Amino acid sequence: MPHPQRKPHTQNSFGHFDIAGPDIAPLSNFYSKLFGWDVTPQGPGYAMVATPAGGPNGAIVETPTASLTFGVVVPDLDKALQQATAEGGTILLPKTDNGWVKKAQIADPAGNALTLIQG
């Protein structure tokens, strides 16, 4: 079921973010209180985040290590993955359909992770 406050995606721009850490409760509280973001638990280890008008939506995810990953909406996920590897990037997570979106994760030549989202 799509998040009720989901905003439309703009091609080749930020469309999602994941904030990760070992315990989502303090992260959820921090971002909710600091920025007024609407944090909605979706199950164990995962919460959807809705930002004010104009900002991308995201998620807070329980993982062993802290990270912040941005997601860019692309018009053609397969083409973007091919181009990323041709330009020196690597695929960290192959094309995946999680029931909400089709996405993949790449690393740029310096090793920074970036999620690509089929728009």
Side-chain angles (χ1 to χ4, degrees):
M1 172 190 294
H3 191 275
Q5 297 177 7
R6 186 175 206 166
K7 297 171 192 67
H9 290 153
T10 302
Q11 298 295 318
N12 298 317
S13 68
F14 291 116
H16 185 84
F17 59 85
D18 286 326
I19 299 170
D23 186 354
I24 68 168
L27 289 172
S28 297
N29 186 58
F30 178 84
Y31 287 101
S32 177
K33 300 281 170 94
L34 182 62
F35 299 126
W37 293 352
D38 177 26
V39 179
T40 307
Q42 297 292 307
Y46 190 84
M48 292 296 295
V49 177
T51 63
N57 290 325
I60 296 176
V61 184
E62 191 171 303
T63 63
T65 58
S67 66
L68 177 61
T69 307
F70 292 103
V72 176
V73 179
V74 295
D76 184 331
L77 185 55
D78 293 320
K79 183 177 177 183
L81 288 170
Q82 290 173 352
Q83 188 171 3
T85 57
E87 298 300 329
T90 56
I91 297 173
L92 301 174
L93 173 71
K95 183 176 176 181
T96 304
D97 185 343
N98 68 4
W100 296 44
V101 296
K102 291 180 180 150
K103 65 180 184 174
Q105 193 171 71
I106 61 168
D108 68 14
N112 298 302
L114 183 68
T115 300
L116 303 178
I117 303 163
Q118 176 73 51

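Since the structure is predicted, the reported quantities are computational estimates derived from the model, not experimental observations.
With rounding to the nearest 0.5 Å, the separation of OG1 in Thr40 from CE in Met48 is 8.0 Å. Atom OG of Ser67 and atom CG of Asn112 lie 11.5 Å apart (nearest 0.5 Å). Atom CD of residue Glu62 and atom OG of residue Ser28 lie 10.0 Å apart, to the nearest 0.5 angstrom. One finds the CZ atom of Phe30 at 6.0 Å from the CZ atom of Phe35 (value rounded to the nearest 0.5 Å). To the nearest 0.5 Å, atoms CD (Gln105) and OG1 (Thr115) are separated by 4.0 Å. Between atom CG of residue Asp18 and atom CG of residue Leu68 there is a gap of 8.5 Å, rounded to the nearest 0.5 Å.
Looking only at side-chain heavy atoms (C-beta outward), Pro26 and Asn29 stay at 4.5 Å or farther from each other. Using a 4.5 Å heavy-atom threshold, the side chains of Val39 and Ile60 count as touching. For the pair Leu116/Ile106, a side-chain contact is recorded, criterion being any heavy-atom separation below 4.5 Å from C-beta on. Proximity of Phe17 to Thr51: side-chain heavy atoms (C-beta onward) are separated by under 4.5 Å at one or more points. Considering only heavy atoms from C-beta on, Asn12 comes within 4.5 Å of Val74 through its side chain.
Ring geometry for Phe70 versus Phe14: interplanar angle of 30 to 60°, hence tilted.
Using a distance-only test at 3.5 Å, with no hydrogens or angles considered, no donor-acceptor pair links the side chain of Gln118 to the main chain of Lys103.
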All N/O donor-acceptor pairs, side-chain side in residues 81-96, below 3.5 Å, sequence neighbours left out:
{"unit_1": "Thr85", "atom_1": "OG1", "unit_2": "Leu81", "atom_2": "O", "d": "3.3"}
{"unit_1": "Thr85", "atom_1": "OG1", "unit_2": "Gln82", "atom_2": "O", "d": "3.0"}
{"unit_1": "Lys95", "atom_1": "NZ", "unit_2": "Asp78", "atom_2": "OD1", "d": "3.4"}
{"unit_1": "Lys95", "atom_1": "NZ", "unit_2": "Asp78", "atom_2": "OD2", "d": "3.2"}
{"unit_1": "Thr96", "atom_1": "OG1", "unit_2": "Pro94", "atom_2": "O", "d": "2.7"}

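For residues 74-97, no pair satisfies ring pair (Phe, Tyr, Trp, His ring centres under 6.0 Å), with sequence neighbours left out.
Pairing each heavy atom of Ala20 with each of Thr63, the nearest pair is CB-OG1, 3.2 Å.
Taking the ring-ring contact (aromatic ring centres under 6.0 Å, His included) definition, one finds that Tyr46 meets it with nothing, sequence neighbours left out.
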>> Let's go through Tyr31 and Ile19 carefully: what are the C-alpha distance in whole Å and the side-chain angles of both, what is the deciding distance for side-chain contact (heavy atoms from CB on, under 4.5 Å) to 0.1 Å, and is it a yes or a no?
In response: CA-CA 10 Å; Tyr31 287 101; Ile19 299 170; 3.7 Å; yes
